[in-house]
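Below is one structure; the comments refer to it alone.
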2 protein chains.
Amino acid sequence: MYLRNMLSKKTKYGLKALTYIARKGNNEPVQIGEIAKHEQISQKFLESILLTLRKSGFLGSKKGKHGGYYLIKKPSEILMTDVMRVLEGPIALVSCVSLNFYEKCNDCPDEATCSVHKLMIQVRDSTLNVFKNNTLEDISK
Amino acid sequence: MYLRNMLSKKTKYGLKALTYIARKGNNEPVQIGEIAKHEQISQKFLESILLTLRKSGFLGSKKGKHGGYYLIKKPSEILMTDVMRVLEGPIALVSCVSLNFYEKCNDCPDEATCSVHKLMIQVRDSTLNVFKNNTLEDISK
DNA sequence: TATTATTCCTATCGATTTAATAGAGATTGC
DNA sequence: GCAATCTCTATTAAATCGATAGGAATAATA
């Protein structure tokens, strides 16, 4: 069994939900239940994820009958960099190489000579590059 | 405070220890205690990490007085791809894009149309590329 | 041989995080 | 008014992580 799960289910489900909504094409609100059923996601869990995406400005919502969630921007304008930061958190694997959430490691005496730092800077940049070059439209194709 | 810690301390400490040993240059065994002190790592925790690295063929060990750990191969021959797989586990963030530990996601009905799959393939490749292009020598400079 | 320094091995623990669940409240459409 | 839907808070079970403890095995050396 695949043990390490470095991409949280929150992110995975969030991306799937955004994709599902994007693929619908129109601007009609899509209901949580419909997404949960199609993507085989726990509805209650998905509720909290969509709420996060709404509060972060990716989704709009409408309550009551025929309510649901809809995209606020065009899929081509939704960058993975932004989505990932909201769902998964900082992109850097260690705080000392984070662009947006930098923090010195409490143990490491000198970043300039730290081999982990040196390696993780590169991983950050290459990952960031992927996220910068992918919009919701790209991954929904 | 930086919450997500996607790179485990095991990996971080393991890389630091390998670097420490590599920087010594000679082939004399280096003791756990010395590494732990220098790198500010819990000695007991480091013991288990070095044991893992030995069992995986990166380090040799010598017991008893004047014992310790030493590199089996030259730093320039130790690829980060291999080290990371041993310390951190699969490089892919989700099992369905893992080259060495592939497993179908139990929920996802079709990888071909899965947006998460599409994105994570790219992340895997770019990260793999970084690890392939870095040896222990490179990060120890 | 006795002593000391070191690696080796197993077991356990506390804290944190994750994924999921429950239930009630607020709003909207009909 | 009623049903459908999002909103919010709280709780829980399981897993994982980092750390710790204690002793067994081995090697050097006096």
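Excluded from the calculations below are hydrogen atoms, water molecules and symmetry mates; all remaining heavy atoms, backbone and side chain alike, are included.
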Quiz item: Which pair of non-hydrogen atoms, one from Glu111(A) and one from Cys96(A), has the smallest distance, and what is that distance?
Solution: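 Reported closest heavy-atom pair: OE2-CB, 3.6 Å.
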Practice problem: Respond yes when some side-chain nitrogen or oxygen of Ser42(A) is under 4.0 Å from OP1 or OP2 of dT21(C), and no when none is. | Solution: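 Yes.
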Exercise. Report yes if a side-chain nitrogen or oxygen of Tyr13(A) is closer than 4.0 Å to either non-bridging phosphate oxygen (OP1 or OP2) of dA20(C); otherwise report no.
Key: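 Indeed, a polar side-chain atom of Tyr13(A) lies that close.
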Quiz prompt | Derivation of the side chain to side chain contact (heavy atoms under 4.5 Å, CB included) call for Leu93(B) and Arg124(B) | solution = CA-CA 7 Å; Leu93(B) 298 186; Arg124(B) 178 203 68 192; over 6 Å; no
Give the rounded distance in Å between these two atoms: [atom1] of [X] and [atom2] of [N].
X: Phe45(A); N: dC6(D); atom1: CZ; atom2: C1'; value: 18 Å
X: Leu46(B); N: dC17(D); atom1: CG; atom2: C1'; value: 16 Å
X: Met6(A); N: dT17(C); atom1: CE; atom2: C1'; value: 15 Å
X: Glu28(A); N: dC6(D); atom1: CD; atom2: P; value: 14 Å
X: Ile35(A); N: dC6(D); atom1: CD1; atom2: C1'; value: 12 Å
X: Leu59(A); N: dT5(D); atom1: CG; atom2: C1'; value: 15 Å
X: Lys9(B); N: dA15(C); atom1: NZ; atom2: C1'; value: 13 Å
X: Asn106(B); N: dA19(C); atom1: CG; atom2: C1'; value: 13 Å

Self-check item: Lys/Arg N to Asp/Glu carboxylate O, Lys12(B) vs Asp107(A), below 4.0 Å
Solution: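 Asp107(A) and Lys12(B): salt-bridged.
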Quiz item: Is Lys37(B) salt-bridged to Glu34(B), going by a charged N under 4.0 Å from an acidic O?
Solution: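 Answer for the salt bridge query: no.
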Practice problem: Please state whether the rings of Tyr20(B) and His38(B) are parallel, tilted or perpendicular, taking 30° and 60° as the class boundaries. | Solution: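 Tyr20(B) vs His38(B) ring planes: tilted.
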Could you go over nucleotides 6-12 of chain C and give all protein N or O partners under 3.5 Å, atom names and distances?
unit_1, atom_1, unit_2, atom_2, d
dT6(C), OP1, Gln31(B), OE1, 2.9
dT6(C), OP1, Gln31(B), NE2, 3.3
dT7(C), OP1, Ile32(B), N, 2.8
dC8(C), OP1, Arg54(B), NH1, 2.5
dC8(C), OP1, Ser61(B), OG, 2.6
dC8(C), OP2, Tyr69(B), OH, 2.2
dC8(C), N4, Glu47(B), OE1, 3.0
dC9(C), OP2, Lys55(B), NZ, 3.4
dC9(C), N4, Glu47(B), OE1, 3.4

Quiz item: Given the rule in the side-chain hydrogen bond (donor to acceptor under 3.5 Å, both in side chains) test, do Ser126(A) and Asn129(A) qualify, once you have shown the distances and angles that lead to the verdict?
Solution: CA-CA 5 Å; Ser126(A) 76; Asn129(A) 205 44; over 6 Å; no
